[in-house]
Amino acid sequence: MKRALTAVLLLLLFIPSVSAMGVHYYPNRQAFEAFLSSNSTYTVIPGKSYWSKGWAHYVDSKLALVKKRGKGVRVLVGNVKDNPEIARLWNKTGLPSSLSFLPSIVVLNDTVIITGTEDNIYLTERAFASLWNPPANSVAIFGVMLLGIFLLFFISFASAGGHTAKFFTLAGALVFTWLALSKPSPIPEGFGPLFLKGLEVWAGAKPETPLEALLGKAFSIIPPVEENLWFAHWILVMTVAGLLFYTAPRRGRELGFIAFGLAFTSPLFRGAISSLDVSALAVTALLITLVIAVNPAFSPESGSFHVILMALATVFASIFNPLFLLIPLVFVAAFPKRVKRNALYLILVVAGAIALAVEFPGWLGFPHMRFPALEFAKESALPVLVIVYLWAVWKKRFRMKGPTTFLTLLSVVFIILSSAGLCAAYYAYLFLTLLVPRAVHSLY
């Protein structure tokens, strides 16, 4: 009884040092921040499990931004069952051992202990939220890549003539302004489990999905810190801005600015693409597939090389959402006359999907997602009204064929999937926005 009362008392003393985000601190958060701001060196010691080794990689990469590695303070990662060093030192904390299975930061004289389990240790990322010190080489690479992508699109549009380059310059300026006004953000809690899975794969665990394998490979090349994720995110946002113009008709690329405006003024779409997770990468992969599909150089009259390219892009996009494997079926329905080309496209995508399913058995899971019906209806009202108005007023001139049919069918399919909770609603909204420039151009 006395031991139980002691444990309860210690727990009550411990609770006040819990942050709003669920991270426990002992003796308090100030002790951990004092360690971060000190001149001491550090060495990170993980536990035996993949998740402990993976999270230690994140902690080591994050601390390296502000401290030097050395034999000063030991930073232990894991819990009393996973990490022998934590088990040996835990009695010195005076805390119940059960607390080592909660996301916690415990500071002793010459040791910092970061605890948790495979299910919650990613929450300790919030403890490092105050650290923001981008490496100089990352800043340089980011600046060169961002400017390079902008110039690549600009030169491409300028060489084609017309006013597309001017409209893209305006879109790029808006992205740069958004970047300048934005503030660095921590990793979203919803992305935390996947982020940790990627770190586990880096540590040697077998990936269950191709996305986990992709993240594990990325983390072996780029340090897994928020600074690098933030830089990569903005590079993708600029890429998305350029690709939106390429989804417009070739003879009316400037109409891509309409798609850009509709997409980036939507809180639903902008909220998804601005999140520091894989959403921007998923949208980029999807747009690459659509750009190949709707451009005349690639679609009905294209050769086998372009079909192979479109199949590879489709399979890659399906890494982020297996429902993108429905795109070939919609494509075939929109372009039914090219039987050989359609057959090759379907065969290649099916072969790629089978290969992914065999290698990653957990890939085809479909988590149920909330459908924000009111928000979606409110934001999609404008593109829907524009399309309906154009069709109603200019029926004889409105051409519903080819890419326009393709995007219309995609919009209908993904609205149904979104309303059923199988897919994020911003994908359906994106298809609607891409349809508007096509609908406008059909009246030329």
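No hydrogens, no waters, no symmetry mates; every other heavy atom, side chains included, goes into these values. Residues: numbered from 1 along the sequence shown.
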Chemist: Counting N and O atoms only, with roles assigned by atom type, does the side chain of Thr115 sit under 3.5 Å from a partner on the main chain of Leu102, one being a donor and the other an acceptor?
Modeler: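 Confirmed, Thr115 side chain pairs with Leu102 backbone.
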Chemist: As a test of understanding, state which of Val278, Asn321, Leu281 forms a side chain to side chain contact (heavy atoms under 4.5 Å, CB included) with Leu211.
Modeler: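 In the set Val278, Asn321, Leu281, the residue that makes a side chain to side chain contact (heavy atoms under 4.5 Å, CB included) with Leu211 is Val278.
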Chemist: Output yes when a side-chain donor or acceptor of Asn83 lies under 3.5 Å from a complementary backbone atom of Val77, and no otherwise.
Modeler: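 Checked: pair present.
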Chemist: Is any side-chain heavy atom of Leu244 closer than 4.5 Å to a side-chain heavy atom of Phe264?
Modeler: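 SC-SC contact between Leu244 and Phe264 confirmed.
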Chemist: When you measure from the side chain of Tyr429 to the backbone of Leu262, do you find a donor-acceptor pair of N or O atoms at a distance under 3.5 Å?
Modeler: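 Yes.
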Chemist: Take the angle between the ring planes of Phe376 and Phe371 and call it parallel below 30°, perpendicular above 60°, tilted in between.
Modeler: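 It falls in the tilted class, 30° to 60°.
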Chemist: A quick test of your reading: do over 12 heavy atoms of other residues, nucleotides or ligands sit less than 6.0 Å from CG of Leu374?
Modeler: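 At most 12 heavy atoms, drawn from other residues, nucleotides or ligands, come within 6.0 Å of this atom.
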Chemist: Start with the C-alpha gap between Tyr427 and Phe269, add the side-chain angles, then the distance that decides, and say whether ring pair (Phe, Tyr, Trp, His ring centres under 6.0 Å) holds.
Modeler: CA-CA 8 Å; Tyr427 290 124; Phe269 180 82; 8.8 Å; no
Chemist: How about Glu33 and Tyr25: does a side-chain donor come under 3.5 Å of a side-chain acceptor?
Modeler: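 Judged by distance alone, the side chains do not pair up.
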Chemist: Any chance CG of Asn39 has more than 12 other-residue heavy atoms, nucleotides or ligands included, within less than 6.0 Å?
Modeler: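 Atom CG in Asn39 is not packed in, count stays at 12 or less.
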Chemist: As an exercise, state the distance from CG of Leu215 to OG of Ser220, rounded to the nearest 0.5 Å.
Modeler: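 OG of Ser220 is found 11.0 Å from CG of Leu215.
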Chemist: Please walk me through it: do Leu196 and Tyr50 pass side-chain contact (heavy atoms from CB on, under 4.5 Å)?
Modeler: CA-CA 10 Å; Leu196 180 57; Tyr50 289 127; over 6 Å; no
Chemist: Would you mind reporting whether Trp178 and Ser274 have side-chain heavy atoms less than 4.5 Å apart?
Modeler: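 Yes, their side chains come closer than 4.5 Å.
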Chemist: According to the interplanar angle, ranging from 0 to 90°, do the rings of Trp230 and Trp132 count as parallel (below 30°), tilted (30 to 60°) or perpendicular (above 60°)?
Modeler: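 It falls in the perpendicular class, over 60°.
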Chemist: With rounding to the nearest 0.5 Å, note down the distance linking CZ in Arg74 to CG in Leu108.
Modeler: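 Going from the CZ atom of Arg74 to the CG atom of Leu108 covers 9.5 Å.
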Chemist: Do the side chains of Trp51 and Tyr122 get nearer than 4.5 Å, heavy atoms only?
Modeler: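 SC-SC contact between Tyr122 and Trp51 ruled out.
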Chemist: Decide yes or no on salt bridge (charged side-chain N to carboxylate O under 4.0 Å, His left out) for Glu85 and Arg88, but give the supporting numbers first.
Modeler: CA-CA 5 Å; Glu85 285 298 306; Arg88 185 177 66 84; 3.0 Å; yes
Chemist: Would you check if the side chain of His233 reaches a backbone N or O of Ile273 as a donor-acceptor pair within less than 3.5 Å?
Modeler: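 Such a contact is found between His233 side chain and Ile273 backbone.
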Chemist: Is a side-chain N or O of Ser100 found less than 3.5 angstrom from the main chain of Asn79, in a donor-acceptor match?
Modeler: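 No, because the side chain of Ser100 does not come within donor-acceptor range (under 3.5 Å) of the backbone of Asn79.
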Chemist: Considering non-hydrogen atoms only, spot the tightest contact between Ala439 and Ile387 and give its length.
Modeler: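 Heavy atoms only, the tightest pair is CB-CG1, 4.4 Å.
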Chemist: Output yes when a side-chain donor or acceptor of Trp363 lies under 3.5 Å from a complementary backbone atom of Val358, and no otherwise.
Modeler: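 The answer is no, because no donor-acceptor pair under 3.5 Å joins these two groups.
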Chemist: Quick one: does any side-chain atom of Thr93 pair with a main-chain N or O of Leu95 as donor and acceptor, under 3.5 Å?
Modeler: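 Judged by distance alone, yes, a pair lies under 3.5 Å.
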Chemist: Determine the interplanar angle of the Phe142 and Phe231 rings, folded into 0 to 90°, and report it as parallel if under 30°, tilted if 30 to 60°, perpendicular if over 60°.
Modeler: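 Judged by the thresholds at 30° and 60°, the geometry between Phe142 and Phe231 is parallel.
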Chemist: Do you know the tightest heavy-atom contact between Leu364 and Ala357?
Modeler: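 What the structure gives for the nearest pair is CD1-CB, 4.2 Å.
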Chemist: Relative to each other, are the rings of Phe154 and Phe150 parallel, tilted or perpendicular (30° and 60° limits)?
Modeler: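 Phe154 vs Phe150 ring planes: parallel.
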Chemist: Heavy atoms, side chains only, cut-off 4.5 Å: are Val294 and Arg438 in contact?
Modeler: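 Answer yes - side chains close enough.
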Chemist: Stepwise, does the side-chain contact (heavy atoms from CB on, under 4.5 Å) test hold for Leu276 with Phe191?
Modeler: CA-CA 8 Å; Leu276 203 64; Phe191 179 54; over 6 Å; no
Chemist: Which heavy atom of Leu65 sits nearest a heavy atom of Glu227, and at what distance?
Modeler: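 Here Leu65 and Glu227 meet closest at CD1-OE2, 3.3 Å.
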Chemist: Give a yes or no on whether the backbone of Ser275 and the side-chain of Ser279 come within a donor-acceptor separation of less than 3.5 Å.
Modeler: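 Looks like no, no N/O pair under 3.5 Å.
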Chemist: For the residue pair Phe167 and Phe257, categorise the inter-ring angle as parallel (less than 30°), tilted (30 to 60°) or perpendicular (more than 60°).
Modeler: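 Ring orientation, 0 to 90° scale: tilted.
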Chemist: Examine Lys67 relative to Phe35 and say whether NZ or CZ is less than 6.0 Å from the centre of the six-membered ring and inside a 45° cone about the ring axis.
Modeler: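 Yes, a cation-pi geometry holds between Lys67 and Phe35.
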Chemist: Assess whether side-chain contact (heavy atoms from CB on, under 4.5 Å) is satisfied between Val107 and Tyr26, documenting all intermediate values.
Modeler: CA-CA 6 Å; Val107 180; Tyr26 180 84; over 6 Å; no
Chemist: Using a 3.5 Å distance criterion without hydrogens, assess whether the side chain of Asp82 forms a donor-acceptor pair with backbone atoms of Ser52.
Modeler: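 Answer holds: no.
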Chemist: Got Lys62 and Glu125 here, is their nearest side-chain heavy-atom distance under 4.5 Å?
Modeler: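 The answer is no, as the side chains (C-beta and beyond) never meet within the 4.5 Å cut-off.
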Chemist: Do the side chains of Glu212 and Lys217 get nearer than 4.5 Å, heavy atoms only?
Modeler: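 They are not in contact (no side-chain heavy atoms under 4.5 Å apart), so the answer is no.
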Chemist: What heavy-atom pair brings Pro224 and Tyr58 nearest, and what distance separates the two atoms?
Modeler: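 Nearest pair, atom of Pro224 first, then Tyr58: O-CD1, 3.0 Å.
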Chemist: Give, for atom CD1 of Ile105 and atom CD1 of Ile114, the distance between the pair rounded to the nearest 0.5 Å.
Modeler: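 Spacing of CD1 (Ile105) from CD1 (Ile114) equals 4.5 Å.
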Chemist: Grab the two heavy atoms, one from Leu99 and one from Ser104, that are nearest each other, plus how far apart they are.
Modeler: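 That would be O-OG, 3.4 Å.
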Chemist: May I ask you to check whether Phe219 and Phe195 place their ring centres under 6.0 Å from each other?
Modeler: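 Yes, they do, as the ring centres are separated by less than 6.0 Å.
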Chemist: Are Lys53 and Glu200 side-chain neighbours, meaning at least one heavy-atom pair lies under 4.5 Å?
Modeler: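 Contact flag for Lys53/Glu200 side chains = no.
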Chemist: Check each of Val75, Val73, Leu89 against Thr111 using the side chain to side chain contact (heavy atoms under 4.5 Å, CB included) test, and report the only one that passes.
Modeler: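 Output: one option passes, namely Leu89.
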Chemist: As an exercise, state the distance from CG of Leu229 to CG of Asp277, rounded to the nearest 0.5 Å.
Modeler: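 Here the interatomic distance stands at 10.0 Å.
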Chemist: Parallel, tilted or perpendicular: which describes the rings of Phe157 and Phe245, with under 30° parallel and over 60° perpendicular?
Modeler: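 It falls in the tilted class, 30° to 60°.
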Chemist: Indicate yes or no for a side-chain donor-acceptor contact from Tyr42 to the backbone of Asp60 under 3.5 Å, with no hydrogens or angles considered.
Modeler: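 Judged by distance alone, yes, a pair lies under 3.5 Å.
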Chemist: Taking side chain as C-beta onward, heavy atoms only, is Pro437 less than 4.5 Å from Thr247?
Modeler: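 Side chain of Pro437 against side chain of Thr247, heavy atoms only: no contact under 4.5 Å found.
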Chemist: Taking all non-hydrogen atoms of both residues, which atom of Ala56 and which atom of Val44 are closest, and how far apart?
Modeler: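 Nearest heavy atoms, Ala56 then Val44: CB-CG1, 3.6 Å.
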Chemist: Atom OG in Ser380, atom CD1 in Ile415: separation rounded to 0.5 Å?
Modeler: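 Reported to 0.5 Å precision, the distance equals 6.5 Å.
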Chemist: For the atom pair CG (Leu434) and OG1 (Thr404), what is the distance rounded to the nearest 0.5 Å?
Modeler: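 That separation rounds to 11.5 Å.
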Chemist: Give the C-alpha distance, both sets of side-chain angles, the deciding distance and a yes or no for side-chain contact (heavy atoms from CB on, under 4.5 Å) between Phe431 and Phe406.
Modeler: CA-CA 10 Å; Phe431 291 129; Phe406 175 57; over 6 Å; no
